[in-house]
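Beneath this line is the structure, given in structure tokens, with notes to follow.
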Amino acid sequence: MDNLAKAHESEKNNYDYEKIASSNEFKGLMSAKKKFLIPTVIFFMVFYFTLPILTSFTTILNKPAIGAITWTWLYAFAQFIMTWTLCMIYVRKAARFDQSADDIIENHKGQGDQSL
């Protein structure tokens with residue numbers, strides 16, 4: 001049993017997370033995530049809060065769009081579509097970010113503290 005524990009410990013990968021965080025690869029990954037997330041969140045918040053603002057302070061969306069259906073209903077339905085679309089886009093981008101993070105960690109494999 002003692003040999004199994006030692007074998008498992010020797011297989012364990014040690015990473016120097018400070019070195020990884022200071023690497024150009026990791027900084028590039030974080031920059032790419034910020035370039036995607038910040039505009040996406042701003043767009044979502046503006047699109048989301050525009051409906052209550054327009055319905056509370058204006059009558060622009062009260063006009064009929066299709067028969068008795070007003071623009072308010074179409075805008076509210078568009079929010080569902082926008083949310084689903086942003087979720088699908090985020091899932092795809094997050095998979096790429098995760099793969100990049102795995103690649104960065106793999107590149108730094110075994111460069112951590114070996115004294116454990």
Side-chain angles (χ1 to χ4, degrees):
M1 183 74 172
D2 189 37
N3 290 338
L4 286 174
K6 287 181 182 178
H8 180 66
E9 187 173 311
S10 68
E11 291 176 10
K12 189 194 248 184
N13 297 320
N14 297 313
Y15 302 104
D16 184 356
Y17 290 107
E18 290 178 10
K19 187 174 183 180
I20 292 171
S22 65
S23 71
N24 287 334
E25 298 167 304
F26 184 76
K27 289 178 182 177
L29 173 62
M30 295 309 293
S31 175
K33 285 178 76 171
K34 285 179 188 175
K35 285 180 184 175
F36 170 71
L37 289 174
I38 291 173
T40 303
V41 168
I42 290 170
F43 170 76
F44 174 82
M45 297 301 281
V46 168
F47 195 88
Y48 180 79
F49 284 111
T50 300
L51 178 63
I53 290 169
L54 288 177
T55 57
S56 297
F57 300 110
T58 69
T59 58
I60 292 172
L61 297 178
N62 292 343
K63 297 178 177 113
I66 302 169
I69 300 172
T70 64
W71 286 104
T72 304
W73 287 102
L74 292 178
Y75 193 95
F77 182 70
Q79 286 188 337
F80 285 101
I81 295 170
M82 179 263 314
T83 303
W84 294 329
T85 303
L86 288 179
C87 285
M88 288 187 289
I89 292 169
Y90 176 76
V91 166
R92 289 183 185 154
K93 290 290 269 186
R96 287 189 215 139
F97 293 144
D98 290 344
Q99 183 60 47
S100 296
D102 290 342
D103 293 343
I104 291 168
I105 289 173
E106 189 65 31
N107 290 341
H108 289 83
K109 189 176 190 176
Q111 295 179 9
D113 184 14
Q114 299 297 325
S115 64
L116 297 174

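These figures come from a predicted structure and were not determined experimentally.
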For this session: Under the side chain to side chain contact (heavy atoms under 4.5 Å, CB included) rule, collect the residues that match up with T58, sequence neighbours excluded.
Result: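 Partners of T58 by the side chain to side chain contact (heavy atoms under 4.5 Å, CB included) criterion, ordered by chain and then number, come out as L54, I60.
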Exercise. By side chain to side chain contact (heavy atoms under 4.5 Å, CB included), which residues pair with T55, not counting sequence neighbours?
Worked result: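 Applying side chain to side chain contact (heavy atoms under 4.5 Å, CB included) to T55 gives L51, L61, T72.
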Exercise. Under the 4.5 Å side-chain heavy-atom rule for ILVMFWY, direct or indirect, which residues accompany V91?
Worked result: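 Via sub-4.5 Å side-chain contacts, V91 links to none.
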Problem set entry | Side-chain cluster (under 4.5 Å, hydrophobic types only) that M88 belongs to, other residues |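 Hydrophobic cluster check, M88: no partners found.
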For this session: Give every residue pair that meets the salt bridge (Lys or Arg N to Asp or Glu O under 4.0 Å) criterion with at least one member in residues 92-107, sequence neighbours excluded.
Result: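 As it turns out, the salt bridge (Lys or Arg N to Asp or Glu O under 4.0 Å) pairs with a partner in residues 92-107, which skip direct neighbours, are E106-K109.
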Problem set entry | Atom pair SG (C87) and CE (M82), whose distance is rounded to the nearest 0.5 Å |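 Rounded to the nearest 0.5 Å, the SG-CE separation comes out at 9.5 Å.
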Problem set entry | Gap between atom OG of S22 and atom CG of D16 - 0.5 Å precision |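 Nearest 0.5 Å value for the CG-OG distance: 7.5 Å.
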Problem set entry | Qualifying ring-ring contact (aromatic ring centres under 6.0 Å, His included) pairs, either residue in residues 65-97, two or more places apart |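 Every ring-ring contact (aromatic ring centres under 6.0 Å, His included) pair that includes a residue of residues 65-97, provided the two are not neighbours, is F47-Y75.
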Donor-acceptor contacts under 3.5 Å from residues 25-46 side chains, at least two apart:
from : atom 1 : to   : atom 2 : distance (Å)
E25  : OE2    : N107 : ND2    : 3.0
T40  : OG1    : F36  : O      : 2.6

